[in-house]
Amino acid sequence: MPELPEVENTRRYLIQAGLPGSTFTGADIGWPNALKTPPMEDFVLGLLETRVQEINRRGKYLLLPLDSGPRQPAATLILHLGMTGGLRVQPTGHAPHPMVRHTFWLNGERELRFIDHRKFAKMWLTDNLKDVMPPLGPDPLGEDFTPEALGWALNDRSAPIKALLLEQSIVAGMGNLYADESLFLSGINPMRQASGLSTGDLERLRECVVTAFSTALEAYDEAREAQWPDPPMGLHTWSIPRKDGEPCPRCGGPISGTRIRARGTYFCPECQR
DNA sequence: AGTACGTCCTGATCGC
DNA sequence: TGCGATCAGGACGTAC
């Protein structure tokens, strides 16, 4: 379930693996439904002989601006890992993971391999980001993620804070696990009405979102070094147990499991009132 | 407009 | 023991 730390880890992995500067020499799209735009033929032709300039991230989206030389306009390859997506840069001879859905051939006998067990991942190739990118809120690793920005977005919203934290237009990169973790760290009940949060709540929440993501990222950085060249994925980097009745790490009381907007939600009824 | 729910997917796990 | 039902969840489409 890639959320911001997993996507950022993937970004750093791709850079370390030398994807920037590599040239696409072909592509095999094994699950066409993942391709949102353009149609397959245009997608593959559009990638051909383009060079990856850099690997950027906006929320959970990976953005690969491409250099196509004199051919214009310059396009961007956009990747979203969905729930089970993962990327590898490997030598052509290296046995591929059984769940590789798409293969992008690179110069120098290497391949960019897109793994995706459950086929929730998505891809776009566009020369106009605005046409395909949904509106994204501030990124918690950036400077514009402030208590004021959070308060403004939640101001007149009556939905439970947990549901709104998951909206990418409010917090870019947030996902189910880190939403629960951030609320647990900040002592805020996930079912509370967003508009009812005090200034103090918002400040604490902002701080805890940053803490949850930063802690996870550090773990990914370490694991990436330790297990190179296999990138880590799915590290257990949160403190709140994701099981009903488990002891709360803070007070020892039983953790409650419930559903908010059909998402599994875990919290401590004692610490998060 | 805001809120909520169904849908897409596969594999693991649950319950009868 | 075995097999069908349920669960997991990111983002979008649809309904209210």
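Naming convention: chains lettered A, B, ... in sequence-line order (proteins, then strands); numbering from 1 in each chain. Predicted model, so just to flag it, every value in this text is computed and none were measured.
Residue A/Gln168 places none of its side-chain N or O atoms closer than 4.0 Å to OP1 or OP2 of C/dG10. Dashed line: the shortest gap from a side-chain N or O of A/Asn33 to OP1 or OP2 of B/dC9 is under 4.0 Å. Here A/Arg261 does not reach the OP1 or OP2 of B/dC5: none of its side-chain N or O atoms lies under 4.0 Å away. OP1 or OP2 of B/dG11 has not a single side-chain nitrogen or oxygen of A/His117 nearer than 4.0 Å. Note on A/Thr84: every side-chain N or O is 4.0 Å or more away from OP1 and OP2 of B/dC9. In this model, the phosphate group of C/dA11 is approached by a side-chain N or O of A/Lys60 to a distance below 4.0 Å at OP1 or OP2.
Here the two rings, on A/Trp124 and A/Tyr61, have centers that are under 6.0 Å apart. Ring-centre distance between A/Phe184 and A/Phe267: not below the 6.0 Å cut-off. For A/Trp228 and A/Tyr13, the distance between ring centers is under 6.0 angstrom.
Note: OH (A/Tyr61) to P (C/dA11) measures 6 Å, nearest angstrom. Nucleotide C/dG10 holds its P atom 7 Å from the CG atom of A/Leu177, rounded to whole Å. Remark: P of B/dT3 and CG of A/Leu164 are 6 Å apart, rounded to the nearest angstrom. For A/Lys122 and B/dC9, the NZ to C1' distance is 9 Å, given to the nearest whole Å. Here the P atom of nucleotide B/dT10 and the CE atom of A/Met99 are 9 Å apart, to the nearest Å.
Both the sub-6.0 Å distance and the 45° axial angle are not jointly satisfied by A/Arg88 relative to the ring of A/Phe114.
Side-chain proximity of A/Arg157 to B/dT10, C/dA11, B/dT3: nearest is B/dT3. Among the nucleotides C/dG10, B/dT10, C/dC12, the one closest to the side chain of A/Met83 is C/dG10. If you check B/dA4, C/dG10, B/dT10 against the side chain of A/Pro160, the one that comes closest is B/dA4.
Residue A/Ala159 is in sugar-phosphate contact alone, with no base atom involved, counting any heavy-atom pair closer than 4.0 Å across all strands shown.
Hydrophobic clustering keeps A/Ile260 apart from A/Leu183 (ILVMFWY residues linked when any side-chain heavy atoms are closer than 4.5 Å, directly or through intermediates).
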